[in-house]
Protein chains: 2
Amino acid sequence: MNDLLTIDAAETLIGEALAPFPIEAIPLDQAAGRILRQNVTAERALPPYDRVILDGIAVAWRDGQRDFLLVATQPAGRPPLAMPDGTGQAIAVMTGSVLPSGADTVIPREDFDIQGDLVSLRADVTPRKNQHIHPKGADCAQGAALLSPGLRLTPPEMAILAANGISRPEVSVIPSIAIISTGDELVAPDAPVQDWQIRRSNEFAVAASLSRKGFTRQAFAVLPDDLALTTDHLATLLEQHDVLVLSGGVSMGQFDFVPQALTSLGVRKIFHKIAQRPGKPFWFGLSAKGQPVFALPGNPVSALACCSRHVVPALLRAQGLVQDAIPVRLGETLSPLPSMTRLVPVQLVHGADGVATAIPHPMPTSGDFNRLGMTQGLVTLPPGTAPLMPGASVLFHEW
Amino acid sequence: MNDLLTIDAAETLIGEALAPFPIEAIPLDQAAGRILRQNVTAERALPPYDRVILDGIAVAWRDGQRDFLLVATQPAGRPPLAMPDGTGQAIAVMTGSVLPSGADTVIPREDFDIQGDLVSLRADVTPRKNQHIHPKGADCAQGAALLSPGLRLTPPEMAILAANGISRPEVSVIPSIAIISTGDELVAPDAPVQDWQIRRSNEFAVAASLSRKGFTRQAFAVLPDDLALTTDHLATLLEQHDVLVLSGGVSMGQFDFVPQALTSLGVRKIFHKIAQRPGKPFWFGLSAKGQPVFALPGNPVSALACCSRHVVPALLRAQGLVQDAIPVRLGETLSPLPSMTRLVPVQLVHGADGVATAIPHPMPTSGDFNRLGMTQGLVTLPPGTAPLMPGASVLFHEW
């Protein structure tokens, strides 16, 4: 076992093999969830004018004033009106409107009574000069750095892009991914199934693992256990897609044609087998054109573990996003493997103390996935001999 | 302030107003990320046959045997071959294939040498009877409960559905949501902007907040500050969509026509204003046909806070998913408000000890969203007077 590639070494090899995905500019309303690939700076000072922050009246404040004549209305989205000279005058303003020039104070609507044009402050109200104004430039100077490449566009970033006039942000291209199942034993979910047959399930788990992280350009294919057909089909898929993710067909059996077919198509093997359980037969290669080809083991838990733990992080990195694994606290004793990295499905429990505790749901076999429904991901146990006790820090990867 | 609705009371009113969204059966390959609305039980025992778990040979084991004659090959996905009577015979098997009848032990490919038909165990190998077989029914009995209504279909659930023959799972309908901006002051991200104008940004943040939780059926509209046009436009939107989410137009200003227009269209106000900052002017109503109408404040931070904290959880609940807020640990001292719930944007930091610490990024004003880019969501500070100290437990909602 000691000559197997460690998972760190495997990750390094994958990282070196994958070129960054290209950049494209897309309409802002399609950009949510995408990975940003540009710097964003403040288009202008924020707020860009002295901004009224609630509905009421604007006045040039002098202490002791209680009554005002309403002389105009400042609509939102219009240039500032000029406050007439002289005390005792007011302009109606509303949230978001520009402060009329010459005014310096905003009095909220609930602080006064109004009869016709006459505004009277309520008895218990004493305005403070300059109140309820959000001064120009108070939040942000023009040109300030706001967003950097390599982050995912979540709601706040979308607001920032819009507010700063970025209507076509530059983001990472989503690669087209072929998700390929292999093996004659596989039966579709809607077909009759014999006792000796297994339903095809990996493609659905792998597709969901990819799509939830933004890899939504997917195509499905099923390969038979036949070298010539497998080779033909893979040739077509390599013409049409940027990434291939296969499951099954990479063990030692005589019907496992996948590595052979891939080699004949010019896909160079980078590694086959890693010191990891489940997922040891993981195969990774690179086409002549530089397309990554991930061939995952056929067992469902192994396939999903390799996809979540290796494929998705590698593709995200090629999009420019480095997503660190999250440290969590182990909830029960777990034994590592002496010379292999052990991956264990876990359920995350969030305690009132802010601690994320991982409750292990180890699978008795790598084919036993019916019980994975309670789990949110897996934790990584580096090779070792001493058991990891409850409370130990382990790294969590979401499925 | 004390007569304002608490956010708990507001949540209860929203929950009572929203009817569960209908159920639809959809193709499995479109179901990832959707909310399950059916029970799923094991279609059959798992594994459904004595399953070979690695590549090698199957034999009827007798102690002391070292050499075997390879007499047949058991392909995956085919009925079991019968092991011939007599010792010293072997059938080639591979991962996932059915164990030939009469065989009881699998010997891995790396444990023997093979010359022609003759298999010889390696010197250091001593097979144990029954090894490397995953017995029928070992993982799961037929009919066992696997999945319940009200969970999101992540990768493991997708594998479970496929493996148990659920090709058209029953899931919650995704409502069609109109995302509506109001206000003449709003300028599109790709248009020239004057000093006194603000770009439209709320719709992008609100849309991203909804879509990342699965509410991807969205349409956009912009309303002018005009009562008649606003009413006409809202009438059309109420004919076409299941849910309306507006931002802006619900403060006290004379140009805030939204509540008036909604009332004239038969949308019954459930509440207007809640004891929450930011987000106090939040308006919620229900159309005659039962469509929820959420009218969020126009300030970007307020709009996003109300969307993440109230709209998204309410819509998820109507889909059948109860998503508990996650407790996190406060990283810095924060003061609550005496009579209002305070929502504070935070950046989450995951420590090696498994603790999620919330670093507050309080906004000086509710219009200051350029600095929200480092935050992942917000924490809720119930009304109170005593400062919350570092280490205090607070509830986190993702944006």
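Computed from heavy atoms alone, side chains included, the values below leave out hydrogens, waters and symmetry copies. Proteins come first, then strands; the chains are lettered A, B, ... in the order of their sequence lines, and each starts at number 1.
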Asks: Which region of P47(B), side chain (C-beta onward) or backbone (N, CA, C, O), has a non-hydrogen atom less than 4.5 Å from a non-hydrogen atom of chain A, or is it both or neither?
Replies: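 When you check distances to chain A, no heavy atom of P47(B) falls under 4.5 Å.
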
Asks: Of all residues at least two apart in sequence or in a different chain, which pass the side chain to side chain donor-acceptor pair (under 3.5 Å) check with K136(A)?
Replies: none

Asks: If only atom types and distance count, is the side chain of R329(A) paired as donor or acceptor with the main-chain N or O of V355(B) below 3.5 Å?
Replies: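 Flag not set: sc R329(A) to bb V355(B) has no pair under 3.5 Å.
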
Asks: Quick one: side chain to side chain donor-acceptor pair (under 3.5 Å) partners of S97(B), sequence neighbours excluded?
Replies: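 S97(B) satisfies side chain to side chain donor-acceptor pair (under 3.5 Å) with no residue once adjacent residues are dropped.
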
Asks: When rounded to the nearest 0.5 angstrom, what is the spacing between CD in E398(B) and CG in L378(B)?
Replies: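 Taking CD in E398(B) and CG in L378(B), the distance rounds to 10.5 Å.
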
Asks: When heavy-atom pairs shorter than 4.5 Å are enumerated against chain B, which of S393(A), G165(A), A32(A), S211(A) gives the highest number?
Replies: G165(A)

Asks: Looking at A42(A), P156(A), G373(A), which has the largest count of heavy-atom pairs under 4.5 Å with chain B?
Replies: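 Of the candidates given, the most pairs with chain B belong to P156(A).
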
Asks: Quick check on N164(A) against chain B: is it the side chain, the backbone, both or neither that has a heavy atom closer than 4.5 Å?
Replies: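 Backbone plus side chain of N164(A), per the 4.5 Å heavy-atom cut-off to chain B.
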
Asks: For A188(B), does its backbone N or O pair with a side-chain atom of R199(B) as donor and acceptor, under 3.5 Å?
Replies: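 Side chain of R199(B) to backbone of A188(B): a pair is present.
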
Asks: Sort out for me which of F220(A), F396(A), W399(A), F204(A) touches chain B most, counting heavy-atom pairs under 4.5 Å.
Replies: F204(A)

Asks: Using non-hydrogen atoms and a 4.5 Å limit, figure out which bit of E203(A) sits close to chain B: side chain, backbone, both or neither.
Replies: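 For E203(A), no heavy atom lies under 4.5 Å from chain B.
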
Asks: Rounded to the nearest 0.5 Å, what separation is found between the CG atom of L372(B) and the CE atom of M158(A)?
Replies: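 Reported to 0.5 Å precision, the distance equals 14.5 Å.
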
Asks: For A207(A), which atoms come within 4.5 Å of any heavy atom of chain B: side chain, backbone, both, or neither?
Replies: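 The answer is neither part of A207(A).
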
Asks: Under 4.5 Å, counting heavy-atom pairs only, tell me which of L153(A), I160(A), L330(A), L147(A) racks up the most with chain B.
Replies: I160(A)

Asks: For the interface with chain A, which of G391(B), A208(B), P189(B) has the highest count of heavy-atom pairs at distances below 4.5 Å?
Replies: P189(B)

Asks: Flag the one option from G351(B), G33(B), P80(B) with the top tally of heavy-atom pairs under 4.5 Å to chain A.
Replies: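 Among the listed options, the one with the most contacts to chain A is G351(B).
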
Asks: Using a cut-off of under 4.5 Å on heavy-atom pairs, state which of D29(A), V98(A), D195(A), L146(A) scores highest against chain B.
Replies: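 Of the candidates given, the most pairs with chain B belong to D195(A).
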
Asks: Which atoms of R212(A) are under 4.5 Å from chain B, going by heavy atoms: the side chain, the backbone, both sets, or neither?
Replies: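 Looking at R212(A), just its side chain touches chain B.
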
Asks: Is there a side-chain contact between R109(A) and I114(A), using heavy atoms and a 4.5 Å cut-off?
Replies: yes

Asks: Shorter than 4.5 Å, heavy atoms on both sides: which option in L28(A), V394(A), T375(A), D324(A) has the most such pairs with chain B?
Replies: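 Between L28(A), V394(A), T375(A), D324(A), the count favours L28(A).
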
Asks: Considering only heavy atoms, which portion of Q197(A) lies under 4.5 Å from any heavy atom of chain B: side chain, backbone, both, or neither?
Replies: both

Asks: Using a 3.5 Å distance criterion without hydrogens, assess whether the side chain of Q74(A) forms a donor-acceptor pair with backbone atoms of P79(A).
Replies: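 Yes, the answer is positive, given that a donor and an acceptor are paired below the 3.5 Å cut-off.
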
Asks: To the nearest 0.5 angstrom, please state how far the NE2 atom of H361(B) sits from the CZ atom of R371(B).
Replies: 10.5 Å

Asks: When you compare the side chain of P155(A) with that of V206(B), does any pair of heavy atoms fall below 4.5 Å?
Replies: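 Not in contact.
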
Asks: Is it the side chain or the backbone of S209(A) that comes within 4.5 Å of chain B heavy atoms, both, or neither?
Replies: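 Contact with chain B involves both backbone and side-chain atoms of S209(A).
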
